[in-house]
Amino acid sequence: MTNEANEKLAEILAQIEAASYEEDQEGIIAALNSIPMPFWEDSACFLSIIETFFENVNYDMCVYPTEFIPDSFWENEENVRSYVLTLCDYYEEDRIDFNLTGELIPSCVLDNKNFVIPLLRYNVDETLSDISDELMGDPEIILAALEGVENKINIRENNSTSWL
C-alpha cells in the first residue's frame with residue numbers, strides 16, 4: 001500500500017475512534033461512508049477498519065457494518081471469510097452482542113454453509129434463527145450447532161459460581 005493510502009486509512013481510523021468517544025453516531029457513519037472502495041477490497045485495510053469499528057463503537061449505538069460495507073464486498077469470498085472469522089473472535093471474547101447476527105451479517109452470507117458453520121460454533125441461538133430451512137437439515141450444520149450448544153454450556157459453567 002502506498003504512503004498516501006496508509007495516511008488515508010490512518011485518518012479514517014482516527015475519525016472512527018474520535019467519533020466513538022463522543023458517542024457521535026453520525027460521525028462514525030460519515031467516516032465509514034468516506035472509505036474509498038479500494039480499502040474494502042484490500043483485506044488488511046478492511047480488517048483494520050472492522051477491528052477499529054468494533055473496538056470503539058458503543059453497544060447502544062445503532063451503527064452496523066452491513067449499513068456501510070458496499071454490496072460488492074460480499075461477492076468476494078475471502079473478504080466474507082475474514083469478516084465472519086473476525087465476528088467469531090468478537091463473539092468468543094464477548095465483545096459484541098450475540099443478538100445482532102441479523103444486523104452484522106447479510107442474509108446472502110447466512111445462506112452459505114461455509115460461513116454459517118463457524119458462526120454456529122459461537123452464536124448458535126441467533127444464527128440458527130437466521131439460516132434457511134434447507135441448511136437446517138444439513139448434517140454439518142447440525143454438528144456445528146451441537147458444538148455451539150456445547151460451547152455455550154461451557155461458557156455458562158465457567159462464568160457461573162453456582163448451578164442453583
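Remember, it's a predicted structure, so these values are computed and weren't measured experimentally.
Results of the side-chain contact (heavy atoms from CB on, under 4.5 Å) test with Ile69 over Ile49, Asn79, Ile50, Val80 single out Ile50 as the only residue that passes.
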Show which side-chain atoms of residues 108-118 pair as donor or acceptor with protein atoms under 3.5 Å away, not counting sequence neighbours.
from	atom 1	to	atom 2	distance (Å)
Asn112	OD1	Asn114	N	2.9
Lys113	NZ	Asp138	OD2	3.2
Lys113	NZ	Glu140	OE2	2.6

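Cluster annotation: Leu120 is connected to Met136 through the hydrophobic network of ILVMFWY side chains, with a link wherever side-chain heavy atoms come within less than 4.5 Å.
Under the rule for a side-chain contact (heavy atoms from CB on, under 4.5 Å), the partners of Glu134 that lie at least two apart in sequence or sit in another chain are Ser132. Among residues two or more places apart in sequence or in another chain, the side chain to side chain donor-acceptor pair (under 3.5 Å) test is passed with Glu67 by none. With sequence neighbours excluded, the residues that form a ring-ring contact (aromatic ring centres under 6.0 Å, His included) with Phe73 are Phe46. Take Leu47 and apply the side-chain contact (heavy atoms from CB on, under 4.5 Å) test, not counting sequence neighbours, and it matches Glu51, Ser82, Thr86.
Taking the six-membered ring where the residue is Trp, Tyr83 and Trp74 present perpendicular rings, their angle passing 60° and hence far from 30°.
Rounding to the nearest 0.5 Å places CG of Leu104 at 5.5 Å from CG of Leu87. Between the CD1 atom of Ile131 and the CD1 atom of Ile141 there is a distance of 5.0 Å, given to the nearest 0.5 Å. Taking CD of Glu11 as the reference point, atom CD1 of Ile35 lies at 11.0 Å (rounded to 0.5 Å).
Among residue pairs with one or both ends in residues 71-80, those qualifying as salt bridge (charged side-chain N to carboxylate O under 4.0 Å, His left out) are Glu77-Arg81; sequence neighbours excluded.
Contact of the Arg121 side chain with the Cys88 side chain is not registered, since no non-hydrogen atoms from C-beta on lie closer than 4.5 Å.
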